[in-house]
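Working notes, structure below.
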Amino acid sequence: MKHIVISLLATLLLSANAMAEKPEGMGKAKMKEAKAVTQIDARSEMRDARSDARSDARSDIRDARSDARSDARSDIRDARSDARSAEGKKDKLSKAREGKLDQERKELGKGSEKGQAAREEHSKKWWNFWD
């Protein structure tokens, strides 16, 4: 019996809230206005998001271009320095060859016959093996 009374009281309390009158000003017109306002807000937020995305994309493009330019400049500098170092190496090699040729000329008439023969034997190039 107690359970029945409690359940009846609970249903009456809950149904009373459902049967209550709506407050004034909450008709269909107000709801439509509220929906329109939220739609306008959503549209403006979407416009803002699009413009933010565009500006972000533009800044990314600018950054990429400046990075590419700086990379190209550094590559050009590296190539120039490599060319200079290669020229320096060529100069060193040519000087070394000239020095070796001078040394061979100086050694031509010096030493014993046996020493000159040994020097000539060792100065032959390896690819001239048939001589």
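Every heavy atom of this structure was used, including side-chain atoms; hydrogens, water molecules and symmetry mates were not.
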**R80 side, atom CZ; D75 side, atom CG - distance, nearest 0.5 Å** = 12.0 Å

**Item:** Separation of M46 CE from D48 CG (nearest 0.5 Å)
**Value:** 11.0 Å

Can you give the donor-acceptor pairs under 3.5 Å from side chains of residues 52-59 to other protein atoms, not counting sequence neighbours?
unit_1: S55; atom_1: OG; unit_2: S51; atom_2: O; d: 3.3
unit_1: S55; atom_1: OG; unit_2: D52; atom_2: O; d: 2.9
unit_1: S59; atom_1: OG; unit_2: S55; atom_2: O; d: 3.3
unit_1: S59; atom_1: OG; unit_2: D56; atom_2: O; d: 2.8

